[in-house]
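Hydrogens, waters and symmetry mates are skipped; everything else that's a heavy atom, side chains included, is used. These numbers were taken from a predicted model, which means no experiment stands behind them. A note on names: the letters A, B, ... follow the listed sequences, proteins ahead of strands, and every chain is numbered from 1.
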Amino acid sequence: MADEALFLLLHSEMVAGLYRASEQGEGENGRCTTKLESMGFRVGQGLIERFTKDTARFKDELDIMKFICKDFWTTVFKKQIDNLRTNHQGIYVLQDNKFRLLTQMSAGKQYLEHAPKYLAFTCGLIRGGLSNLGIKSIVTAEVSSMPACK
Amino acid sequence: MSRSPGRKQENHKISRELFVLTYGALVAQLCKDYEKDEDVNTCLDRMGYSIGIRLIDDFLARSAVKKCRSYSETADMIAQVAFKMYLGVTPSVSCSSAMGNEFSLILDKNPLVDFVEELPAERASLCYCNLLCGVIRGALEMVQLAAEVTFLQDRLKGDAVTEIGITFLRKPEDRRHKRN
């Protein structure tokens, strides 16, 4: 679907634009990541509302996480999360072996230090979605080898 | 199948909404960062330009259209194929100059402003969809057509429709090629 290309391009432009602007200013990388994350948060909140309008009520946290891994991820990134792990005490690890926003960048360790910038928006997206489903959370991302990420 | 047939349609709608919502968040963030409307407009135009120069590759790969022979064909192509492919709307094209190098695309429905009711009072001269202008300009430049793209009318500012004006700038090389 052509929309995907548009969103991918817009996202990379957003990251580049925000970092470019910050370089001319004080050069604070942390603030840019926060800005991206909060943008993702707003989008996530709105999106999850539209998305779960007609779905059934969720039974528990695990159900919500499964929904995020399957339906939500499929709609946003056209594929499901490859691996979901949990310690049943509130920590969930979602692993995507071919994260769409990173596939175009590299297929190994090159540019690894730039990867977190591209994940900030998605972390915000997940956090926003969960917050509107009633779950307060902290979402972090880890990339060890592109394009897989956790 | 547990999924109903309407689900696929919904998924496409959600993808588009993702883009629209992301764009909205981006404009909101830019408004926070920059005080002047012109700065925000310039920033959006520049981002649109960078997107456009890449989007044209994607467009040409997906649509496999033949080379356009005239400016009006180009304008029709943008309106009927590109807009339809990426935003799902088809603006109407009208030529607004005798020389045949000024066109306007009239959009009845602008999907980018689906969730926007009105511009805030202190941002009266914000061109909310300025990204589109940059995208068209960048894409045209990559196919060797210099153009100026601006918003002539904007529904968010009270006009009846949203109108994008494309002015193709004639390059002196064109005439040289024709003679050869």
task: Start with the C-alpha gap between A:L10 and B:L131, add the side-chain angles, then the distance that decides, and say whether side chain to side chain contact (heavy atoms under 4.5 Å, CB included) holds.
output: CA-CA 10 Å; A:L10 179 67; B:L131 194 96; 4.2 Å; yes
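Considering CD of A:E13 and CG of B:L55, their distance stands at 11.5 Å, rounded to 0.5 Å. Within the model, atoms CG of A:L8 and CZ of B:R54 stand 12.0 Å from one another, a figure rounded to the nearest 0.5 Å. Note: A:S38 OG to B:K32 NZ = 5.5 Å, rounded to the nearest 0.5 Å. With rounding to the nearest 0.5 Å, the separation of CD1 in B:I51 from NE2 in A:H11 is 11.5 Å. To the nearest 0.5 angstrom, A:R50 atom CZ is 4.0 Å from B:E17 atom CD. Annotation: the span from A:F77 atom CZ to B:L18 atom CG amounts to 7.5 Å, rounded to 0.5 Å.
Residue B:L30: no heavy atom, backbone or side chain, is found under 4.5 Å from chain A. Only the side chain of A:F121 has a heavy atom closer than 4.5 Å to any heavy atom of chain B.
Taking all atoms of both residues into account, the shortest heavy-atom contact from B:D33 to A:K35 is OD1-NZ, 3.3 Å. Residue B:T22 comes nearest to A:V43 through the heavy atom pair CA-CG2, 3.7 Å, listed as atom of the first residue, atom of the second, then distance.
When the side chains of ILVMFWY residues are joined at heavy-atom separations under 4.5 Å, either directly or via intervening members, B:F168 and B:V143 end up in a single hydrophobic cluster. No continuous path of ILVMFWY side-chain contacts below 4.5 Å connects B:I106 to B:L112, so the two sit in separate hydrophobic clusters. Residues B:V89 and B:V81 are members of one and the same hydrophobic cluster, defined by side-chain heavy-atom contacts under 4.5 angstrom among Ile, Leu, Val, Met, Phe, Trp and Tyr. A continuous path of Ile, Leu, Val, Met, Phe, Trp and Tyr side chains, each step under 4.5 Å between heavy atoms, connects A:V76 with B:L26, placing both in one hydrophobic cluster. Linking Ile, Leu, Val, Met, Phe, Trp and Tyr whenever their side-chain heavy atoms come within less than 4.5 Å puts B:I56 and B:V65 in one cluster.
Contacts classified as ring pair (Phe, Tyr, Trp, His ring centres under 6.0 Å) and involving residues 140-164 of chain B (residues at least two apart or in different chains) are not found.
Around NZ of B:K36, the count of heavy atoms belonging to other residues, nucleotides or ligands within 6.0 Å does not exceed 12.
Side-chain contact check for A:M14 versus B:Q29: every heavy-atom pair is 4.5 Å or farther apart.
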